[in-house]
Amino acid sequence: MSILATLNPAQKEAVETIQGPLLILAGPGSGKTRVITHRVAYLIRVCGINPYRIMAVTFTNKAANEMKERLEKLLGQTAGNLTLGTFHAICAGILRREGKAIGLDSRFVIYDEEDQLDLIKQSLLEVGLDPKHYTPRAIQSAIKAAKSRIWTPKDYAQHTHSYFDEIVHRVYERYQQLLSQSQAVDFDDLLMRTVQLFTDHSEVLNRYQSRYLHILVDEFQDTNITQYVLVKQLAEKHRNICVVGDPDQSIYSWRFADLRNILSFEKDYPDAKVVFLEQNYRSTKTILEVASNIISANLQRKPKNLWTENEIGVPLAIIETYSEDEEAQFVVGEIEKLVNNGAHLRDCAVMYRVNAQSRALEEAFMRYGVPYRLVGGTRFYQRREIKDIIAYLRVIHNPSDNISLTRIINIPSRGIGQRTLAELSAWARNQGMSLYDAIELVSEKKGPAFTTRITYALTNFFELMEKLRAKNGKLNLFDLIDKVIETTGYQQYLLAQENGEDRWENVLELRGVAEEYSELKPKEALATFLEKVTLVSDVDELDEKTDAATLITLHQAKGLEFPVVFIVGMEEGVLPHRKSFDDPEQMEEERRLCYVGVTRAQKQAYLLRAFRRSLLGGSSLNPPSRFLKDIPTNLVTIKGFWEEDKLTTVATPAPRPYSTLNLKTGDRVQHKMFGEGTVITCKQTKDDHEVTVAFKDIGIKRLLLSLAPLEKIEETSDI
DNA sequence: CGAAAGGCTCTTTTT
DNA sequence: GAGCCTTTCG
């Protein structure tokens, strides 16, 4: 069958335009992924282009895998040596091959953001600054911002405007030194250093430019300047660059994605052809219209006309509950109903703004025994025990890796404390050598003098690591991990901790992952494995086969679709998040986030909000989300405690001086929504009282006296 | 040195 | 509420 047969005219045009720059503006559900895959298949099959000469860049590993699978189906065979992956993965590959030119060992480690933060803290200390005064996080963010636009420390110095910039510059400079001492790069370096490599070594760039006849970039609205420059460099020779994206789905500006990349593509490539994909195949007419109404309130956008031939469908449901617990309860109850009516659990997804919101949901799913799958949360490869084992492997692979070495030098504890470590690293720094080499010298009595006991501990540690390093290349990865666990006594160490059993299970799972690499040569397996575990995320692993409801953040939901979508926390302060209140650009991004959520839905969408929400300890009364106000009322049904048009009329009751109420056990009280009840306990909290009340019909509720609309109707006569 | 406890801050999203 | 840091005590 022809590759073009199943495409609509716009899609066909996007696939067939293979000469010159091409911008594809693709609305949600418009078959964007189909177009990209078909385009690649078309290039290979119809135009006879060697896959070796095509590069396709995706945003997540999952998207890359999906594309690979679809491509294989389309071609009836693997696409062989096609370059397909995320920016980060592709750049890591280039740097492994070509890094020598810029002084990068091919065994370099990739530091994730936690490692990065550790290293920034260390840099702060080393340049003599107090981490209490300059928060490492703020500096991390400034450095990331710099790297997203290819600013080296030198460039940064040219752009300092404040004292803080000055500080950042000093830390940034030191930080890069430490990275290179450890033979390490961070996530942003993968991109930035590739650009630098290409800039400084035209012969390398030339090879890649000649090689890549066609370049495709997906999710172009989420690229940052560095990524854009990289793509431009690569495409300069053949100019066959195809970018696909949707400005309305740009939700990563906090990662320094720059919307201008897509908005000004036509300026950079005046001969660019632009194709609009506006037919939506995913959602009902109603869902699409609601989404359009939400997004069209943004000012910074190109209007577009989404349309669909799908049925009108049912109105969206706006659900108003009292608390996040009731919200969760409603979601679970409704999902059960849907399942009883023939839906599958896997058809349902619950989406939220921040991960912390998942807790109430999880509790409800657990309580009702409804299977669910949580995407994200504490990510597997971020767990402490996993990172410990990986740190051992990293040091085995690359002993210069000071951050990993620092991490494990005293885990399990072997008598090497902070003081020793500080002294040792200061010494190593002065000698200009790695921590590992310093330890070796100590064990040979040629290093700094320590007490006998500490020298002994360090020597033991060194010998342990040497023993493990000697196994590298001899044992396969799986056995190497076992060896690490065995010689370090990691299992006993872990089992002695809290949740030790669970955490040990995680380690076993990691072993399981390692098994997948048993076909590779041991050294290669280790290298591949280490790269994989840092560049992989949780959505990538999302298993769609098991029948369970999905709990997922709105960000992670991008690119996915579900028959039924619940968006919880449609409140001011949550969605839109309060951090965006004073910045119109960020507010527009919140709106896009909401838009992304709604457009995930195929058949049915529920928008939920709670009157009162406890999040991160405190509780607050949030007015309904402003986005709800942009939905025409004829497209929704509203259900809740407040029958009438409460979207605009819910007043936040002023906190009353609770001292006047003075409740005690046994008092009868009246609540605006729950009716009459009896006080069970009344407990003083920091600056409030927490009252537990038994309401008839409704049950037991815990309320805050300052917030709850409570009135005393009868005082108990008992004591 | 190390374990335990208490106090502190910071709470968005992820390759 | 959790994680991180500092302090304290053994």
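Keep in mind that this is a model prediction, so the values were computed, not measured. Letters A, B, ... mirror the listed sequences (proteins, then strands); counts begin at 1.
Between B/dC10, B/dT14, B/dG2, one nucleotide has an atom nearer to the side chain of A/Asn410 than all others, and that is B/dG2. Nearest to the side chain of A/Thr60, among B/dC1, B/dT15, B/dT14, sits B/dT15. For A/Arg255, counting side-chain heavy atoms from C-beta on, the closest listed nucleotide (B/dT15, B/dC1, B/dT11) is B/dT15. Of the candidates C/dA2, B/dT15, B/dT14, C/dA2 carries the atom nearest the A/Arg359 side chain, counting heavy atoms from C-beta on. Nearest to the side-chain atoms of A/Lys579 among the listed nucleotides B/dT11, B/dC1, B/dT14 stands B/dT11. Ranking B/dT14, B/dC10, B/dG2 by closeness to the A/Ser413 side chain, first place goes to B/dG2. Nearest nucleotide to the A/Gln586 side chain, out of B/dT12, B/dT15, B/dC1: B/dT12. Among B/dT15, B/dT13, C/dC5, the nucleotide with an atom closest to any side-chain atom of A/His88 is B/dT15.
An OP1 or OP2 oxygen of B/dT12 is reached within less than 4.0 angstrom by no side-chain nitrogen or oxygen of A/Asn355. For the OP1/OP2 pair of B/dC1 and a distance below 4.0 Å, the side-chain nitrogens and oxygens of A/Arg414 include no atom meeting the criterion. Look at A/Thr553 and you won't find any side-chain N or O under 4.0 angstrom from OP1 or OP2 of B/dT12. For the OP1/OP2 pair of B/dT15 and a distance below 4.0 Å, the side-chain nitrogens and oxygens of A/Lys62 include no atom meeting the criterion. When the side-chain nitrogen and oxygen atoms of A/Thr135 are compared with OP1 and OP2 of B/dT9, none of them lie within a distance under 4.0 Å. For B/dT14, the OP1/OP2 oxygens have a side-chain nitrogen or oxygen of A/Gln556 closer than 4.0 Å.
Contact annotation for A/Asp112: no contact, since no heavy-atom pair falls under 4.0 Å across all strands. Using a 4.0 Å heavy-atom cutoff across all strands shown, A/Arg137 reaches no nucleic acid atom at all. A/Ile416 comes within 4.0 angstrom of sugar-phosphate atoms only, judged by non-hydrogen atoms across all strands, and of no base. Using a 4.0 Å heavy-atom criterion, one finds that A/Phe59 contacts the sugar-phosphate atoms exclusively. Note on A/Ser580: nothing from the nucleic acid sits closer than 4.0 angstrom, heavy atoms only. Among the protein residues, A/Lys144 comes within range of no part of the nucleic acid, since none of its heavy atoms lies under 4.0 Å from any strand.
The residues A/Glu572 and A/Arg578 are annotated as not salt-bridged, no charged nitrogen and carboxylate oxygen being separated by less than 4.0 angstrom.
Remark: B/dT9 base-pairs with C/dA2. Criterion, Watson-Crick or G-U wobble with two distances under 3.5 Å.
Remark: P of B/dT14 and CD1 of A/Ile110 are 19 Å apart, rounded to the nearest angstrom. We find that CD1 of A/Ile143 is positioned 21 Å from P of B/dT15, with the value rounded to whole Å. The separation between A/Lys121 atom NZ and C/dG3 atom P is 14 Å, rounded to whole Å. Here the P atom of nucleotide B/dT14 and the CG atom of A/Leu554 are 10 Å apart, to the nearest Å. Rounded to whole Å, the distance from CZ on A/Arg591 to C1' on B/dT13 is 19 Å. If you measure from atom CG of A/Leu374 to atom P of B/dT13, you get 12 Å, rounded to the nearest angstrom. Rounded to whole angstrom, the span from the CD atom of A/Glu114 across to the P atom of C/dG3 amounts to 11 Å. As rounded to whole Å, 16 Å separates atom P of B/dC10 from atom CZ of A/Arg578.
Take the nearest nucleotide of DNA chain B for A/Thr420 and for A/Phe87: the residue whose nucleotide is more 5' is A/Thr420. DNA chain B is contacted by both A/Leu593 and A/Ile454; A/Ile454 maps to the nucleotide lying nearer its 5′ end (nearest heavy atom per residue).
At a cut-off of 3.5 angstrom, counting only N and O atoms as typed in the model, there is a donor on one side and an acceptor on the other between the side-chain of A/Trp254 and the base of B/dT13.
A donor and an acceptor atom, one from each side chain of A/Tyr595 and A/Asn298, are nowhere located under 3.5 Å apart. Defined by atom type and a distance below 3.5 Å, a donor-acceptor pair is present between the side-chain atoms of A/Gln176 and A/Lys147.
Geometrically, A/Arg414 does not engage A/Phe461 in a cation-pi contact, judged by NZ or CZ lying under 6.0 Å from the ring centre and within 45° of the ring axis. Within the cation-pi definition used here (under 6.0 Å to the ring centroid, within 45° of the axis), A/Lys532 does not qualify as a partner of A/Tyr517. A cation-pi arrangement, defined by a distance under 6.0 Å to the six-membered ring centre and an angle within 45 degrees of its axis, is absent between A/Lys579 and A/Phe581.
Across every non-hydrogen atom of A/Thr534 and A/Phe187, the tightest pair is O-CZ, 3.4 Å.
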